[in-house]
Asks: 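Handing you a structure now.
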Amino acid sequence: MKLFRHVKASTSASISGFALIALVCVSSAFLEPAPAVGKAPAKTQPAVLAGSAIAVPDSYSADAAEQIFNEGGNAVDAATAIAFTLAVTFPDAGNLGGGGFMTLYVDGKPYFLDYRERAPLAATKNMYLDDKGEIIKDMSLIGYRAVAVPGTVDGMWQAQRRFGKLKWQQVLAPAIHYARDGFVVAPQLQKLRDDAAKDFAGKTNFDTYFGNLRQGATFKQPDLAAVLQRISDQGAKDFYTGKTADLITASMRGHGLMTKADLAQYKAVWREPVQGNWKGYRVITAPPPSSGGVGLVQLLKMKADLAPDFKDVPLNSAQYVHLIAELEKRVFADRAQYLGDPDFYKVPVARLIDDPYLAKRAAEINPNVPSDTQSIQPGLGTSMPEKAQTTHFSVVDKWGNAVSNTYTLNGAFGSGVVVDGAGIALNDEMDDFSAKPGAANMFGVVGSDANAIEPKKRPLSSMAPTILTKDGRVALVIGTPGGSRIFTSIFQVITDIYDYDMPLSDALAAMRFHHQLLPPNTIYSEPYKPIEGELAQQLEAKGYKLEEQDFTGNVQVIKVDGDQPEAAADPRGRGTTRVVR
Ligand code: DON
């Protein structure tokens with residue numbers, strides 16, 4: 001069984017053979033009238049950049065964004081059009097049936113929208129355990145019980161209603177076109193389909209909807225086109241309380257936990273982004289329920305604290321890998337203990353990214369020897385916190401606004417369940433919860449009660465859509481898929497750009513690696529630039545074990561120098577870039 005095909009080696013026995021891999025509180029949005037009439041024309045603003053730019057995971061979403069910019073749309077209009085388009089043309093990860101995070105910088109102010117999925121009301125802490133307390137294999141990954149309540153449609157609705165300039169119908173139009181008239185399937189997409197189909201065979205209705213997805217052929221999705229048309233006509237309420245909600249709950253009935261009440265109560269949340277100062281930049285990134293933003297800021301700051309140790313250490317040398325792995329150990333120890341949904345636990349974000357705390361953690365690192373895994377404990381003490389196939393795209397508009405968006409179904413094509421009569425692939429995000437303390441999930445990461453399953457709770461994520469600003473202006477927009485590799489990948493690309501002065505394309509092409517505390521002293525490398533030869537020998541001599549994974553990421557990045565945006569797509573994917581002048 002190999003749902004998350006990004007990693008070859010199993011990291012923990014508890015991954016069960018996986019390659020690592022009430023009230024009805026109706027959303028205020030639902031009380032608004034249907035958005036059919038669109039918005040009043042926006043005031044004309046002077047452009048501050050030479051063009052608008054995008055870095056997206058496929059060419060169809062690039063065309064959609066270009067159309068939106070040509071119609072006068074801003075970064076948020078383009079982002080919502082990209083997200084709906086990818087739900088059609090990048091169906092392994094783009095979605096209506098999943099969730100994600102959007103980091104925004106609009107009119108000089110940072111915002112963060114959490115449209116992560118939530119556990120259904122009927123979810124229980126031990127729902128994936130048998131009577132002996134053991135994890136039931138695949139239950140949180142495949143089929144109806146793996147599905148959490150989707151957030152993408154309310155997320156796009158809230159973002160576009162708040163900040164978009166165009167009519168809602170305009171941002172839906174490209175997606176409706178690709179669903180109704182079809183798009184030509186890329187070879188990589190068919191490969192993902194074929195791999196996923198093996199995992200879902202006999203367990204879900206996946207092939208009814210995606211059986212005909214063949215490379216080079218035009219793939220049409222009439223049911224999904226009808227859903228998108230209703231969302232275009234009626235807004236998000238169709239998905240959460242209308243005909244689409246009826247279709248979703250009819251599909252789940254008798255199989256899964258999600259009900260109409262779950263959909264009606266779903267609401268995306270505007271949160272304060274995590275922010276930190278680093279090298280003269282303001283890093284604006286994802287707060288809990290993501291661990292990614294906290295992890296990214298911890299890594300950046302601790303690496304800066306260790307500047308004397310990194311001096312003269314060549315990038316991606318054995319010593320470099322060792323030092324970064326030591327930082328990652330500490331970050332993943334904190335992640336497992338303190339990170340979860342802030343609506344359920346008061347996550348100590350400020351303390352976790354506090355400069356003296358991180359300086360102390362960094363100072364504990366032995367520059368020569370890998371530290372003993374057992375000795376790495378969460379840094380704020382072990383008391384519990386107080387109760388309290390992903391894709392990324394980056395957008396900057398000519399007015400200097402930016403959107404960094406990562407959203408996901410979790411595994412490729414999610415749970416394998418497709419809503420009958422709607423063609424919506426549903427997520428398997430329930431696997432991001434900690435099903436049992438200390439048991440690893442698909443990505444090999446462990447968690448504590450902070451990330452235990454509770455009704456309406458959001459599972460802990462690693463997604464970290466990030467924006468860097470300098471002197472109040474956007475400097476970098478970046479993000480990637482990759483599960484627990486997300487923020488370690490973003491960290492490496494950011495440091496390649498700013499610490500090692502690499503051009504964007506070189507920074508994206510550079511080798512990336514990953515360590516996450518468990519399994520002990522294990523460094524994951526990727527097929528794109530494997531760790532081999534002398535480097536492998538040097539790391540093994542230091543006491544590290546090397547494991548291959550199939551995937552590290554698909555980073556989409558935009559850098560702004562002066563008034564010139566430059567966009568780059570990861571050579572590991574089929575992403576593309578545009579600058580629209
Ligand atoms: O939220 C998370 O961290 C995961 N569900 C992301 C999954 C992912 O990145 C898979 N993609 N490659």
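In listed order, ligands and their atoms are each counted from 1.
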Asks: Within 45° of the ring axis of Trp270 and under 6.0 Å from its six-membered ring centre, is that where the NZ or CZ of Arg162 lies?
Replies: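 Satisfied, under 6.0 Å and within 45°.
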Asks: If you count the atoms of ligand 1 from 1 in the order shown, which ones are under 4.0 Å from a heavy atom of Thr390?
Replies: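 Numbered from 1, ligand 1 contributes 6 (C), 7 (C), 8 (C), 9 (O), 10 (C), 11 (N).
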Asks: For the residue pair Tyr115 and Phe101, is the inter-centroid distance of their aromatic rings smaller than 6.0 Å?
Replies: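 They do not qualify: ring centres at least 6.0 Å apart.
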Asks: Just to check, does Arg116 reach to within less than 4.0 Å of ligand 1 when the distance is taken from its heavy atoms?
Replies: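 It does; at least one heavy atom falls under 4.0 Å.
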Asks: With a heavy-atom distance limit of 4.0 Å, tell me whether Asp432 approaches ligand 1 through its side chain, its backbone, both, or neither.
Replies: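 Near ligand 1, Asp432 shows its side chain, while the N, CA, C and O stay back.
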Asks: Below 4.0 angstrom from a heavy atom of Met463, which ligand 1 atoms are there? Numbered from 1 as shown, please.
Replies: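 Those of ligand 1 that fall under 4.0 Å from Met463 are 1 (O), 3 (O).
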Asks: Decide, yes or no, whether a salt bridge links Asp195 with Lys191 under the criterion of side-chain N to carboxylate O below 4.0 Å.
Replies: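 Yes, charged N to carboxylate O under 4.0 Å.
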Asks: Could you list which atoms of ligand 1 come closer than 4.0 Å to a heavy atom of Ser462?
Replies: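 Heavy-atom distances to Ser462 below 4.0 Å select 1 (O), 2 (C), 3 (O).
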Asks: For the pair Arg271 (side chain) and Pro287 (backbone), establish whether a donor and an acceptor sit closer than 3.5 Å, ignoring hydrogens and angles.
Replies: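 No; zero donor-acceptor contacts below 3.5 Å.
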Asks: Of all the atoms in ligand 1, which lie at a distance below 4.0 Å from a heavy atom belonging to Pro481?
Replies: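 It comes down to these atoms of ligand 1: 9 (O), 11 (N), 12 (N).
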Asks: Does the cation-pi check pass for Arg193 over Phe413, that is, NZ or CZ under 6.0 Å from the six-membered ring centre and within 45° of its axis?
Replies: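 Ring-cation test returns no.
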Asks: Testing the 3.5 Å rule here: is there a donor-acceptor pair between the side chains of Ser394 and His392?
Replies: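 Indeed, the side chains of Ser394 and His392 share at least one donor-acceptor pair under 3.5 Å.
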Asks: Hey, are the side chains of Val557 and Val477 touching, using non-hydrogen atoms and a 4.5 Å cut-off?
Replies: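 They are not in side-chain contact.
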Asks: Between ligand 1 and Ser461, is the shortest N or O to N or O distance under 3.5 Å?
Replies: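 Among all N and O atoms of Ser461, at least one is under 3.5 Å from an N or O of ligand 1.
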Asks: Please determine if Gly483 has a nitrogen or oxygen closer than 3.5 Å to a nitrogen or oxygen of ligand 1.
Replies: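 Right, the criterion is met.
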Asks: Report yes if some N/O of Gly482 lies less than 3.5 Å from some N/O of ligand 1; otherwise report no.
Replies: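 N/O-N/O distance below 3.5 Å exists for this pair.
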Asks: Could you list which atoms of ligand 1 come closer than 4.0 Å to a heavy atom of Ile486?
Replies: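 Listed by number with element: 9 (O).
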Asks: Side chain, backbone, both or neither: which part of Arg458 has a heavy atom under 4.0 Å from ligand 1?
Replies: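 Answer for Arg458: neither.
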Asks: Do side-chain atoms of Ser404 reach the backbone of Thr466 as a donor and acceptor pair under 3.5 angstrom?
Replies: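 Side chain of Ser404 to backbone of Thr466: a pair is present.
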